[in-house]
Protein chains: 2
Amino acid sequence: MKYHRIPDETVRRLPVYLRGLLFLSDHKQNISSRNLADFISVNDSQIRKDFSYFGAFGTPGVGYDIRKLIRQIKKMLNLSVSHKAALVGAGNLGSAILAYPGFRMYGFDIAAAFDNDPKKIGREINNVRIEDISSLRTLERRKISLAIIAVPRDAAQQTADALVKAGVKGILNFSPLRITAPKKVKVITIDIAMELARLPYYI
Amino acid sequence: MKYHRIPDETVRRLPVYLRGLLFLSDHKQNISSRNLADFISVNDSQIRKDFSYFGAFGTPGVGYDIRKLIRQIKKMLNLSVSHKAALVGAGNLGSAILAYPGFRMYGFDIAAAFDNDPKKIGREINNVRIEDISSLRTLERRKISLAIIAVPRDAAQQTADALVKAGVKGILNFSPLRITAPKKVKVITIDIAMELARLPYYI
DNA sequence: TCGTACTTGAGCTCACATTCACAAACCGGC
DNA sequence: GCCGGTTTGTGAATGTGAGCTCAAGTACGA
Ligand SMILES: NC(=O)c1ccc[n+]([C@@H]2O[C@H](COP(=O)([O-])OP(=O)(O)OC[C@H]3O[C@@H](n4cnc5c(N)ncnc54)[C@H](O)[C@@H]3O)[C@@H](O)[C@H]2O)c1
Ligand SMILES: NC(=O)c1ccc[n+]([C@@H]2O[C@H](COP(=O)([O-])OP(=O)(O)OC[C@H]3O[C@@H](n4cnc5c(N)ncnc54)[C@H](O)[C@@H]3O)[C@@H](O)[C@H]2O)c1
């Protein structure tokens, strides 16, 4: 094992591996890169290379210990501990996200939700009470360092600024706007319409 | 101008340029690659190279004619004509997508919605009536060749198969499953939880 | 103990993507 | 018509990732 910076593309694939391995861990104990590759449709040497970035622990002739691998990937992704996240903007998309149980699989807990619409404040979705946006600053005290932005485009930047001020370290942004934030804060943007816009090119 | 295959990475950036340019077209007539680069945070020679793949039409000393550029990018992305899309799965996420007006910007029209839940069939969201999933085969006749999958994971593959059979050529998939489809059908998957899972790595 | 079948880990090569650097093109003013 | 200031378009250089290959490690049965 050598010290390597992990390539971004590998970081992008790690959650894919993790999801597949979590599924497989119910059925098997070991798996070869070849079998895993077939299961999630990637190249097998790609997998071995990715794993090699954070240490070699496969056994030649046998493969990888699935549970050990899961632990290792979680550790690399910093998912060994559960993370709390806050949702800002409990509109159409925000409500869907609040209702979605699939984040638990990776150890996420959407522990708070905020909106600025008095009609929505106080309502509960999936056991999370929607709070007034002015309470954002409680996030630090509540040890919530991730946030999901689902407010309209024009409110996105100011929301991001407020989140940064509240000590948030990572933002998942659904608004179709390039949000600027200090370098120490990581922003990942999912622009759904833009993905759709890519589709006609291929047909 | 020479004949080039357009790299995938460029295709991924074209909608970004398009969005920025649509915004800028309200304010200016021309823009240099440098200014556009600042606006959307990419490298300026990247932009020039990307544009060069589909023909040179900038003016040295002046920059690019924004409206011409928009036309050209739309043409490359096959967005010059408006596209109809169908939504399958009018649950939490699907309803949010149906209600979202932002797809029009790229010329998309969500013209149909399907579900298999009798309670949902017949309801209307944003002037689109939810139809029974068994009517999927009408898509071809209605000239709908794009689809958005927002059904639960376990129904995703069968939904995709049915869509392919109904003549759909491109699929935007929200289920956390790697869908397999014939090569002639392009599938783009957005796995929201997976994007979130990537966030803690960077913090 | 040995042979066979299997699998890892890593070096290597090829392909693709990004960035640099600069000649050539253009504008506007004088 | 020419000059100074800009900006394009593109080859060349650099950076990054994907996939092939194979020596070496392991399991297991004979
Ligand atoms: N719904 C979709 O399918 C979809 C698709 C692509 C992108 N998006 C983007 O996601 C975001 C949300 O979309 P949506 O459909 O849920 O919109 P929405 O209008 O349904 O919800 C927005 C919510 O944000 C709240 N809000 C507005 N300003 C706020 C502020 N300053 N602080 C806190 N809360 C505020 C509103 O009260 C509302 O509840 C938008 O930026 C949209 O562009 C949505
Ligand atoms: N809601 C989110 O924030 C979110 C986040 C990430 C991923 N996803 C994924 O998006 C998909 C939809 O999520 P959701 O939260 O809207 O779920 P949901 O349960 O609210 O909606 C699913 C809808 O699909 C319909 N359906 C089920 N089987 C069907 C079939 N065979 N044919 C047609 N319709 C069928 C159901 O009646 C329901 O209306 C899921 O795959 C989920 O994993 C959702």
Gap between atoms [atom1] and [atom2], on [X] and [N] respectively (whole Å):
X: B:L69; N: D:dT7; atom1: CG; atom2: P; answer: 16 Å
X: A:I6; N: D:dT16; atom1: CD1; atom2: P; answer: 15 Å
X: A:R12; N: D:dG17; atom1: CZ; atom2: P; answer: 10 Å
X: B:N43; N: D:dT7; atom1: CG; atom2: C1'; answer: 15 Å
X: B:D8; N: D:dA18; atom1: CG; atom2: P; answer: 13 Å
X: A:D50; N: C:dA10; atom1: CG; atom2: P; answer: 14 Å
X: B:N30; N: C:dG28; atom1: CG; atom2: C1'; answer: 15 Å
X: B:F54; N: D:dT8; atom1: CZ; atom2: P; answer: 13 Å

Check your understanding: Among pairs that include at least one residue of residues 168-178 of chain B, which meet salt bridge (charged side-chain N to carboxylate O under 4.0 Å, His left out), considering only residues two or more places apart or in two chains?
Key -> none
Which pairs of donor and acceptor atoms, one on a side chain in residues 58-76 of chain A, lie under 3.5 Å apart (sequence neighbours left out)?
residue, atom, partner, partner atom, Å
A:D65, OD1, A:R67, N, 3.0
A:D65, OD1, A:K68, N, 3.0

Can I get a per-line list of side-chain donor-acceptor pairs under 3.5 Å for residues 196-203 of chain A, giving both atom names and the distance, sequence neighbours left out?
residue, atom, partner, partner atom, Å
A:R198, NH2, A:E195, OE1, 2.9
A:Y202, OH, B:D8, OD1, 3.2

Revision key, fill the gap. Residue pairs passing the ring-ring contact (aromatic ring centres under 6.0 Å, His included) test with at least one member in residues 27-49 of chain B, sequence neighbours excluded, are B:F23-B:H27, B:F23-B:F39
List the atom pairs, with distances to 0.1 Å, where a side-chain N or O of residues 99-117 of chain B and a protein N or O form a donor-acceptor pair under 3.5 Å, not counting sequence neighbours.
residue, atom, partner, partner atom, Å
B:D115, OD1, B:D117, N, 3.0
B:D115, OD2, B:A90, N, 2.8
B:D117, OD1, B:K119, N, 2.9

For nucleotides 12-15 of chain C, tabulate all protein N/O to nucleotide N/O atom pairs closer than 3.5 Å, reporting atom names and distance.
residue, atom, partner, partner atom, Å
C:dC12, N4, A:K49, NZ, 3.4

Check your understanding: Is it true that the side chains of B:T189 and B:D191 contain a donor and an acceptor less than 3.5 Å apart?
Key ->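 No donor-acceptor contact under 3.5 Å links the two side chains.
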Check your understanding: A:N35: what forms a side chain to side chain contact (heavy atoms under 4.5 Å, CB included) with it, not counting sequence neighbours?
Key -> A:K28, A:I31, A:S32
Residues in salt bridge (charged side-chain N to carboxylate O under 4.0 Å, His left out) with [X], at least two apart?
X: B:D38; answer: B:R34
X: A:R153; answer: none
X: B:R123; answer: none

Check your understanding: Is B:R13 touching bases, backbone alone, or none of the nucleic acid, heavy atoms closer than 4.0 Å?
Key ->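 Sugar-phosphate contact only - B:R13 comes under 4.0 Å of backbone atoms but never of a base.
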**Study point:** A:E131/A:R137 salt bridge by N-O under 4.0 Å criterion
**Key:** no
Point to revise | Residues touching DNA chain D, which here means a heavy atom under 4.0 Å, drawn from residues 196-203 of chain B | key: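 None - not one residue of the stretch has a heavy atom sitting under 4.0 Å from the strand.
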Review point. Using a cut-off of 4.0 Å between protein heavy atoms and nucleotide atoms, how would you tag nucleotides 3-9 of chain C 5' to 3' with B, S and -?
Key: ---BBBB
